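We use all heavy atoms of the structure for the numbers below, so side chains are in, but hydrogens, waters and symmetry mates are not. The first residue in the sequence is number 1, and the count goes up from there. Note that the structure is predicted; figures quoted are calculated from it, not measured.
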Amino acid sequence: MTAKLDYRWHLREVMATRGMFSTTDLRPLLAERGIDLSPSQTYRLVVERPERLSLKTLMALLDILGCTMDELIEPVAAASAGRRKAAAAGSATGASEGPSGVGEFRPRRARIVSE
């Protein structure tokens, strides 16, 4: 029996390690490389797992972030139907940020103190 494969998309985490915390940081860098995406397309590219992605866009992301494809896309075995339902239920209950979060790479909130 052939194993079912899936993947994890780590663009958000890789951007965070490079100090890019906003999807608007990525859009002009893509435009410099001839990739013209709308703000909503850029947002979805960062926060969601793309099902279809042009190779030009992928190569532009690798160039911008200075990373390898292995850092951006992690192949994994597909979860069974029961595990998917449990994972969806876990995320709906407000569980802490899982492996797809940016964790410690999140910028610190500034405190403004008046004298």
query = Does Leu45 offer a backbone N or O that forms a donor-acceptor pair with the side chain of Trp9 under 3.5 Å?
reply = yes
ask   = Looking only at atom types and distance, does a side-chain atom of Thr57 sit under 3.5 Å from a main-chain N or O of Leu53, one as donor and one as acceptor?
value = no
key: Exercise: identify the closest heavy-atom pair between Leu72 and Leu62   = CD2-CD2, 3.9 Å
request  = Could you check if a side-chain atom of Leu61 sits within less than 4.5 angstrom of a side-chain atom of Val14, using non-hydrogen atoms only?
outcome  = no
request  = Could you tell me which non-hydrogen atom of Ala78 sits nearest to which non-hydrogen atom of Asp6, and how far apart they are?
outcome  = CA-CB, 3.9 Å
Under 3.5 Å: donor-acceptor pair, side chain of Arg44, backbone of Pro39 = no
key: Interatomic distance, Thr42 atom OG1 to Leu26 atom CG [nearest 0.5 angstrom]   = 6.5 Å
key: Arg18 side chain to Leu65 backbone, donor-acceptor under 3.5 Å   = yes
ask   = Should Leu29 and Asp25 be marked as a side chain to side chain contact (heavy atoms under 4.5 Å, CB included) after you check the CA-CA gap, both sets of side-chain angles, and the distance that decides it?
value = CA-CA 7 Å; Leu29 298 173; Asp25 297 338; 5.7 Å; no
ask   = In the single-linkage hydrophobic clustering (I, L, V, M, F, W, Y; side-chain heavy atoms under 4.5 Å), do Met69 and Val76 co-cluster?
value = no
message = Let me confirm one number: the CZ-CE distance from Arg33 to Met59, rounded to the nearest 0.5 Å.
response = 13.0 Å
ask   = Only one of Ile35, Ile73, Asp63 clears side chain to side chain contact (heavy atoms under 4.5 Å, CB included) with Leu58; which?
value = Ile73
request  = Decide whether His10 and Glu71 meet the rule of one side-chain donor and one side-chain acceptor closer than 3.5 Å.
outcome  = no
Point-to-point distance, once rounded to the nearest 0.5 Å, from CD of Glu48 to CG of Leu11 = 12.0 Å
key: Side-chain donor or acceptor of Arg27 paired with backbone N/O of Thr23 under 3.5 Å   = no
